[in-house]
Amino acid sequence: MRLILLGPPGAGKGTQSARLEKKFGIPQLSTGDMLRAAVKAGTPVGLKAKAVMESGGLVSDEIVVGIIADRIGEADCAKGFILDGFPRTVAQAKALDAMLKQKGMKLDAVVELVVDEKALVARMENRVKETLAAGGAVRADDNPEAFAKRLTQYREQTAPVSDYYKSVGELRTVDGMAAIDDVTAQLDKVLAK
Ligand code: AMP
């Protein structure tokens with residue numbers, strides 16, 4: 001199963017990806033997680049990405065496409081993968097098409113978690129509270145300014161990615177405003193089609 005989960009920041013892609021990872025036994029490939037790991041490790045990619053991520057901007061297509069091209073070639077992706085946070089621009093979606101074609105792979109599904117943007121800031125604030133309560137480290141971009149920029153980036157750069165997959169007849173949608181278990185049930189249903 002090769003799957004893309006689309007949706008704005010705070011839509012629940014990470015939560016649902018983790019569940020799908022268990023269900024299908026395939027890895028969740030989150031470009032955000034991979035970039036945060038690169039920043040933490042101080043790799044050349046991390047050094048380039050750090051400031052732009054902290055401000056809520058988008059890292060260059062070239063960097064993230066390179067990361068994904070390397071990652072999907074690894075052995076644990078042989079049975080499939082869940083893309084979370086990639087593609088985020090139409091250029092990335094087209095690069096992914098070319099990459100998959102070259103590797104003789106095909107996507108099985110592209111699913112968007114549709115949410116009401118008004119709920120997203122509250123979700124982010126909640127995530128910050130829960131992280132702090134659990135003694136964890138809050139993401140550098142989970143603050144009002146960076147989050148507002150992430151939403152703008154989503155509207156301007158990533159919403160067109162949904163239109164792109166819609167235009168080629170591949171987009172399925174689920175109601176991301178439902179309770180977490182209900183969203184999982186909806187995903188099961190659309191993925192069974
Ligand atoms: P996320 O964890 O998916 O919310 O991503 C956190 C941050 O990483 C984003 O705000 C971007 O700065 C960067 N990032 C993650 N994925 C991508 C991508 N596909 N293209 C560009 N930047 C990305």
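Predicted model only: the values in this text are computed from it and were never measured. Counting starts at 1 for both ligands and their atoms, following the listed order.
- At a 3.5 angstrom cut-off on N or O pairs, Leu35 does not count as close to ligand 1.
- Within the 3.5 Å criterion, the main-chain N or O of Gly85 finds a donor-acceptor partner in the side chain of Arg88.
- Among protein heavy atoms, the minimum distance from atom 22 (N) of ligand 1 is reached at Val59 N, 3.1 Å.
- If you check which protein heavy atom lies closest to atom 8 (O) of ligand 1, you get Met53 CE, 3.4 Å.
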Check against side chain to side chain donor-acceptor pair (under 3.5 Å), Glu112 and Thr173: CA-CA 5 Å; Glu112 180 180 344; Thr173 56; over 6 Å; no

Side chain to side chain contact (heavy atoms under 4.5 Å, CB included) evaluation trace for Met1 with Lys79: CA-CA 7 Å; Met1 163 83 67; Lys79 271 182 18 189; over 6 Å; no

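- Thr158 places none of its side-chain heavy atoms less than 4.5 Å from the side chain of Pro8.
- Taking only nitrogen or oxygen atoms, main chain and side chain alike, Gln92 reaches within less than 3.5 Å of ligand 1.
- Protein heavy atom closest to atom 4 (O) of ligand 1, with residue, atom name and distance, is Arg139 NH2, 3.0 Å.
- Distances below 4.0 Å separate heavy atoms of Arg150 from the following atoms of ligand 1: 4 (O), 10 (O).
- Looking only at protein heavy atoms, the nearest one to atom 1 (P) of ligand 1 is Arg88 NH2, 3.5 Å.
- Using a 4.5 Å heavy-atom cutoff, the side chains of Val115 and Leu120 are in contact.
- Residue Thr31 has at least one nitrogen or oxygen atom sitting less than 3.5 Å from a nitrogen or oxygen atom of ligand 1, judged on distance alone.
- With a 4.0 Å heavy-atom cut-off, ligand 1 is reached by no atom of Asp61.
- Looking only at protein heavy atoms, the nearest one to atom 10 (O) of ligand 1 is Gly57 O, 3.8 Å.
- In terms of polar-atom proximity, Gly85 is counted as a contact of ligand 1, with an N or O under 3.5 Å from an N or O of the ligand.
- When non-hydrogen atoms are compared, ligand 1 lies under 4.0 Å from neither the backbone nor the side chain of Lys13.
- A search for side chain to side chain contact (heavy atoms under 4.5 Å, CB included) contacts involving Asn126 returns Glu130, not counting sequence neighbours.
- Of all the atoms in ligand 1, the ones that sit under 4.0 Å from a non-hydrogen atom of Leu58 are 21 (C), 22 (N).
- By the 4.5 Å heavy-atom criterion applied to side chains, Leu35 and Val45 are counted as neighbours.
- Looking only at side-chain heavy atoms (C-beta outward), Phe24 and Ile82 stay at 4.5 Å or farther from each other.
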Test side chain to side chain contact (heavy atoms under 4.5 Å, CB included) applied to Phe147 and Val121, step by step: CA-CA 8 Å; Phe147 196 77; Val121 175; 4.1 Å; yes

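- For the pair Gly56 and ligand 1, the shortest N or O to N or O distance does not fall below 3.5 Å.
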